[in-house]
Number of protein chains: 2
Amino acid sequence: MATKCKDCPLRALSCFQDFTQDELAFMQRFKTGELTVEAGTQLMMEGSSSPQLFTALRGMGVRYKTLVHGRRQVVNFILPGDFIGLQAGLMDEMRHSVEATTRMTLCVFNRSDLWTMFKHQPRRAYDLTWLAATEEGFLGEALATVGQRTAIERIAWALVRIFSRGEALGLVRDRMMPLPYRQQDLADALGLSLVHTNKTLAKLRERQLVGWQGGTLRINDLDALAALAGGADTTPEKRPLI
Amino acid sequence: MATKCKDCPLRALSCFQDFTQDELAFMQRFKTGELTVEAGTQLMMEGSSSPQLFTALRGMGVRYKTLVHGRRQVVNFILPGDFIGLQAGLMDEMRHSVEATTRMTLCVFNRSDLWTMFKHQPRRAYDLTWLAATEEGFLGEALATVGQRTAIERIAWALVRIFSRGEALGLVRDRMMPLPYRQQDLADALGLSLVHTNKTLAKLRERQLVGWQGGTLRINDLDALAALAGGADTTPEKRPLI
DNA sequence: CGTAACTTTGACCTAAGTCAAGGCGCGTGG
DNA sequence: CCACGCGCCTTGACTTAGGTCAAAGTTACG
């Protein structure tokens, strides 16, 4: 049975902006249902359209692009609260694919209702644009990371970013958060080979900075890691939830 | 004397979507003036806010980020028709800097009018979001390029993208377009060293694929170059102009 | 208990980086 | 009118971060 927006567990988190009663009512109408998918499910396919848009409620996934020669670029990791399918909603062609890494529960919206939102909920439309601009900002930072940082800096940067997001979402307890990805996923996100990623992670482990085994990430000193990364945001600002 | 929106030379280009009379009137009100800056002028500064937003009318520039150790990542090249300052408009902090490479003429808007746009011009707000989503898509592709492609593929990809944009803007005549950047700018955009960029460009020159001297780029066979890049969009779709 | 999907480690290789020296065009000032 | 300084491009010699290959550990699971 689908949760009502007003009971949405994410809404309670302090990292998300508050809803007005009106917005809440609109979101409830906008939401057409809930979807649970198994790990490994393809949610969106690069180059194709989708009649549905999602917000991740539970579980994690990856956005990625596949290049001709078979290589894969992970564009971002999807955590609860992330909006999926903006491109399919506006243009009608996704520029990347989305896959569930764990079992995921998603909030489902109708692409066709998006225009209504722009027409009647300018505040929500503004939030959507904010989200797009923020994601653009993030990708710029990722680009700078892959383009300019060394392997150890890249990995430190990525772990800091993920851990900070986890903290905001209340996923961190005892300096640990669940991180169900494979090293290959991280490697593909940072433009590194699996082997080198593994060896670099080992260095960070030796230095007692991070531990990542059995799907759990542990970071002892986030600031030290951020310093090693050569600067990385450790406190994401309050953001809208759609 | 500032051009009126209805006489805007960009509007006539077929790569931009048509305006309704109403939209045209709104844009005219939205526009607060015109600005011409010399080459080398800093238009936006990473981390700071800006009361003004721009659309490039003439000239070229770069968006870039500066990392702690002094390295620079060029995030995109700015060509006529590009909107500048979306992030400053929505969040109020730019996530990258913008610098004019040549003398530029810009259309100036007030950041504070942006909300009016969402309130009363949903169609224009939608276009703005489309722009943000498109830029996000582009950055994803750039990330994949820097993360997964070899030097020669990266350069081929970048030149194809730039040349295609130039074609859409009518900057190409006789297979040539003005490209006033330094090799260092291209290197910084692709995560390569200046020296390696130079040597790789030399290879493309030897192969008779591209010529780039004296601020002019010549591409003989765009499709061959795109193939070498391992796939790159050669025909950008129609886009809104703001 | 076998097998499949990940991680780890070691040995070796190469694409790209760094360093350094010239070249070339252009503006400025003696 | 020439020279010198500056910004940018070019080239060669050498170094290195990170890639590739290959094999062996580890879980987790049917």
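Below, chains carry the letters A, B, ... as their sequence lines are ordered, and counting in each starts from 1.
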Got a donor-acceptor contact below 3.5 angstrom from the [X] side chain to the [Y] backbone?
| X | Y | answer |
| --- | --- | --- |
| B:Glu136 | A:Ala133 | no |
| B:Glu34 | B:Val108 | no |
| B:Thr102 | B:Met60 | yes |

Could you tell me the separation between the [atom1] atom of [X] and the [atom2] atom of [N], rounded to a whole number of Å?
| X | N | atom1 | atom2 | value |
| --- | --- | --- | --- | --- |
| A:Gln213 | C:dT7 | CD | C1' | 11 Å |
| B:Tyr181 | D:dC9 | OH | C1' | 19 Å |
| A:Asp188 | D:dG18 | CG | C1' | 15 Å |
| A:Leu204 | C:dT8 | CG | C1' | 15 Å |
| A:Trp212 | C:dT8 | CH2 | P | 9 Å |
| A:Leu186 | C:dC6 | CG | C1' | 14 Å |
| A:Leu194 | D:dT20 | CG | C1' | 11 Å |
| B:Leu201 | D:dC9 | CG | C1' | 10 Å |

Measure the acute angle between the ring planes of B:Phe77 and B:Tyr181, then classify it against the limits of 30° and 60° as parallel, tilted or perpendicular.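 Because their plane-to-plane angle lies in the 30° to 60° range, the rings of B:Phe77 and B:Tyr181 count as tilted.
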Can you figure out which of [options] approaches the side chain of [X] most closely?
| X | options | answer |
| --- | --- | --- |
| A:Val195 | C:dT7, C:dG17, D:dT20 | D:dT20 |
| A:His196 | D:dG18, C:dT7, C:dG17 | D:dG18 |
| A:Leu192 | C:dT18, D:dG18, C:dT8 | D:dG18 |

Under 4.0 angstrom, heavy atoms only, what part of the nucleic acid is B:Gly191 near: base, sugar-phosphate, or nothing?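 Sugar-phosphate contact only.
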Working for side chain to side chain donor-acceptor pair (under 3.5 Å), residues B:Trp157 and B:Glu141: CA-CA 10 Å; B:Trp157 175 83; B:Glu141 209 177 307; 3.0 Å; yes
Counting just side-chain N and O atoms, does A:Asn198 come under 4.0 Å of either OP1 or OP2 of C:dT8?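 Answer is yes, contact under 4.0 Å.
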Phosphate OP1/OP2 of D:dT10: any B:Gln183 side-chain N/O under 4.0 Å: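 Affirmative; the distance criterion is met.
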A:Leu43 side, atom CG; A:Glu99 side, atom CD - distance, nearest 0.5 Å: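 Going from the CG atom of A:Leu43 to the CD atom of A:Glu99 covers 8.5 Å.
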For DNA chain C, which residues of residues 139-158 of chain A approach it to below 4.0 angstrom with any heavy atom?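 Here the set is empty: none.
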Look at the side chain of A:Lys199 and the base of C:dG10, then say whether one donor and one acceptor between them are separated by less than 3.5 Å.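 When only heavy-atom distances are counted, A:Lys199 does reach the base of C:dG10 through a donor-acceptor pair under 3.5 Å.
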Partners of B:Phe109 by ring pair (Phe, Tyr, Trp, His ring centres under 6.0 Å), sequence neighbours excluded?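 In terms of ring pair (Phe, Tyr, Trp, His ring centres under 6.0 Å), with neighbours along the sequence ignored, B:Phe109 is linked to B:Phe30.
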